[in-house]
Number of protein chains: 2
Amino acid sequence: MEDNEQRTGGINAVYSEMETLSRRAVARTRRMSAPLSFVEHSLLTFIGTTPGCRATDIAADFQLNRSTISRQLTTLGELGLVEYTPQENDAGRGRVLRLTERGRQLRERSVAAQRSVVTSRLKEWSEEDIAAFAAALGRFNAGPEG
Amino acid sequence: MEDNEQRTGGINAVYSEMETLSRRAVARTRRMSAPLSFVEHSLLTFIGTTPGCRATDIAADFQLNRSTISRQLTTLGELGLVEYTPQENDAGRGRVLRLTERGRQLRERSVAAQRSVVTSRLKEWSEEDIAAFAAALGRFNAGPEG
DNA sequence: GGTTAGTGTTGCATAATGCAACACATGTCC
DNA sequence: GGACATGTGTTGCATTATGCAACACTAACC
């Protein structure tokens with residue numbers, strides 16, 4: 001835990017850039033994911049990539065009230081994008097969510113549009129730089145809870 | 001623009017990790033920036049780091065309606081966090097915003113709390129890795145519009 | 001000076017969110 | 001097995017956030 005200046009400066013830079021990145025990502029989702037809102041898009045992604053997740057898990061991860069998630073899921077359910085998996089015997093409390101085929105398709109379309117923006121921003125990057133960047137992002141996301 | 005598989009895979013990974021990163025950043029801000037919302041926190045940061053910015057610039061960047069920004073700024077103004085700079089002769093249209101001393105302090109407190117989470121996640125990273133990560137994030141953010 | 005275009009504000013409607021209370025299901029303990 | 005505790009999802013109600021349209025005001029333009 002050597003707390004030298006260079007390390008602190010690097011951390012500050014990382015945080016600052018991440019705040020910019022996140023603000024722009026939210027704005028981009030607002031612009032490009034219509035008619036999905038940022039939270040709705042995040043719901044589809046989370047459900048699609050978190051097998052076995054329940055509404056309360058989402059609420060904890062998103063830091064939103066359970067009632068908010070419940071209502072959002074009701075909406076997505078009425079749109080035919082999300083559904084409850086049939087009850088299984090070994091299922092614990094709560095109900096397990098999953099995407100419908102339509103949900104997968106809609107999310108894939110939204111992702112493709114936003115990914116094109118990322119592709120454009122990485123236009124001048126070498127293959128190695130892209131791989132290193134992806135690895136660093138993955139390492140950060142997989143890191144210890146803070 | 002050689003479009004080989006490895007490059008595409010890297011870009012997909014970058015996008016996927018960024019979506020996770022942004023979702024968590026928004027959740028973290030919800031949890032740690034109280035009583036500031038994510039948008040309010042973003043407003044303070046944007047105004048603090050974008051000299052000469054006006055309400056309409058924020059609306060364009062955040063992809064939110066001007067009326068929404070106007071009301072949010074009214075609230076932040078009543079809280080004594082944001083103010084209009086006195087009219088200058090060479091000022092163009094609109095009114096230029098800036099943080100008050102209280103606004104700077106409140107934002108700094110909020111940033112410090114969130115930055116500690118980033119610090120914790122980078123605990124095992126070498127100084128060089130942190131510097132490289134910060135550089136890559138900066139390069140990405142500074143890249144061409146998409 | 002008159003016109004055009006950009007900026008910020010407000011009324012109204014809608015969507016998103018939180019809190020509290022509740023019903024229901026699951027787990028625990030005896 | 002039954003009583004109790006705990007977790008999950010839903011709904012009523014209030015508050016806040018957001019969008020759209022209309023407006024007033026101001027700066028730019030010819």
Side-chain angles (χ1 to χ4, degrees), chain A residues 22-23 26-44 46-47 50 52-79 81-98, chain B residues 22-23 26-44 46-47 50 52-79 81-98:
Chain A
S22 300
R23 169 164 44 80
V26 172
R28 173 169 17 94
T29 302
R30 270 196 271 263
R31 186 174 75 246
M32 305 188 66
S33 284
L36 261 42
S37 72
F38 175 77
V39 170
E40 287 170 331
H41 180 92
S42 299
L43 281 170
L44 294 186
F46 191 87
I47 295 170
T50 313
C53 78
R54 305 159 300 157
T56 192
D57 301 322
I58 302 174
D61 189 284
F62 287 20
Q63 293 287 312
L64 288 174
N65 197 278
R66 285 205 312 273
S67 62
T68 299
I69 301 297
S70 172
R71 274 181 262 255
Q72 297 273 16
L73 288 176
T74 300
T75 302
L76 294 180
E78 288 169 352
L79 292 173
L81 306 176
V82 170
E83 65 188 2
Y84 288 108
T85 61
Q87 280 289 51
E88 298 191 9
N89 295 334
D90 60 346
R93 280 174 164 149
R95 287 186 280 173
V96 172
L97 296 157
R98 69 178 175 196
Chain B
S22 300
R23 169 164 45 78
V26 172
R28 172 167 19 93
T29 302
R30 271 196 270 263
R31 185 173 76 245
M32 306 187 67
S33 284
L36 260 43
S37 73
F38 175 76
V39 170
E40 287 170 331
H41 181 93
S42 298
L43 280 170
L44 294 186
F46 190 86
I47 294 171
T50 313
C53 79
R54 306 158 302 156
T56 190
D57 301 321
I58 302 175
D61 190 283
F62 288 19
Q63 293 287 313
L64 288 174
N65 195 279
R66 286 204 311 273
S67 63
T68 299
I69 302 298
S70 171
R71 276 181 262 254
Q72 298 273 18
L73 289 176
T74 299
T75 303
L76 294 180
E78 289 169 353
L79 293 173
L81 306 176
V82 170
E83 65 188 1
Y84 288 109
T85 60
Q87 280 288 51
E88 297 189 10
N89 294 334
D90 59 345
R93 278 173 165 150
R95 285 186 282 172
V96 172
L97 295 156
R98 69 178 176 196

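Letters A, B, ... mirror the listed sequences (proteins, then strands); counts begin at 1. All values derive from a computational prediction rather than experimental measurement. The analysis underlying the following values was restricted to heavy atoms, covering all of them including side chains, and did not include hydrogens, waters or symmetry mates.
Closest to the side chain of A/Arg71, out of C/dT17, C/dG8, D/dG19, is C/dT17. Checking C/dT17, C/dT7, D/dG19 against the side-chain heavy atoms of B/Arg30 singles out C/dT17 as nearest. When distances are taken from the side chain of B/Arg93 to each of C/dT9, C/dG18, D/dT26, the shortest belongs to D/dT26. Minimum atom distance to the side chain of B/Ser70 is reached by C/dT10, of the listed C/dT7, D/dG9, C/dT10. The side chain of A/Arg95 lies closest to D/dT10, out of D/dT10, D/dG19, C/dT17. With C/dG8, C/dC19, D/dG19 as the candidates, the nucleotide lying closest to the side chain of B/Ser67 is D/dG19.
Rounded to an integer number of Å, the gap from CG of A/Asn65 to C1' of D/dT10 is 11 Å. Atom P of nucleotide C/dA23 and atom CZ of A/Arg66 are separated by 15 Å, given to the nearest angstrom. One atom, CD of B/Gln72, and another, P of D/dG19, lie 10 Å apart when rounded to the nearest Å. Rounded to a whole Å, the CZ atom of B/Arg31 is 18 Å from the C1' atom of C/dG18. At whole-Å resolution of the value, CD1 in A/Ile58 and P in C/dA16 are 15 Å apart. Protein atom CG of B/Leu64 is 11 Å distant from nucleotide atom P of D/dC20, rounded to whole Å. For B/Glu40 and D/dT16, the CD to C1' distance is 10 Å, given to the nearest whole Å. The CG atom of A/Leu76 sits 12 Å away from the P atom of D/dT10 (whole-angstrom rounding).
For the pair B/Thr68 and A/Thr56, both in contact range of DNA chain D, the more 5′-proximal nearest nucleotide belongs to A/Thr56. Projected onto DNA chain D by closest heavy-atom contact, A/Ile69 and B/Val39 fall at different nucleotides, the more 5' of which corresponds to A/Ile69.
Residue-level contact check: B/Leu73 touches neither bases nor backbone, having no heavy atom under 4.0 Å from any strand. The residue A/Tyr84 sits close only to the backbone: its heavy atoms come under 4.0 Å of sugar-phosphate atoms, none of a base.
The heavy-atom pair separating B/Arg23 from A/Ser42 by the smallest distance is CD-CB, 3.9 Å. Residues A/Thr85 and A/Arg98 approach most closely at CG2-CD, 3.4 Å, considering heavy atoms. Contact between A/Gln72 and A/Val39 at its shortest, heavy atoms only, is NE2-CG1, 4.2 Å.
No side-chain heavy atom of B/Tyr84 sits under 4.5 Å from any side-chain heavy atom of B/Val96. The side-chain heavy atoms of B/Leu73 and B/Ile47, taken from C-beta on, include a pair separated by under 4.5 Å.
Side-chain N/O atoms of A/Arg54 and base N/O atoms of D/dT8 include no donor-acceptor pair closer than 3.5 Å.
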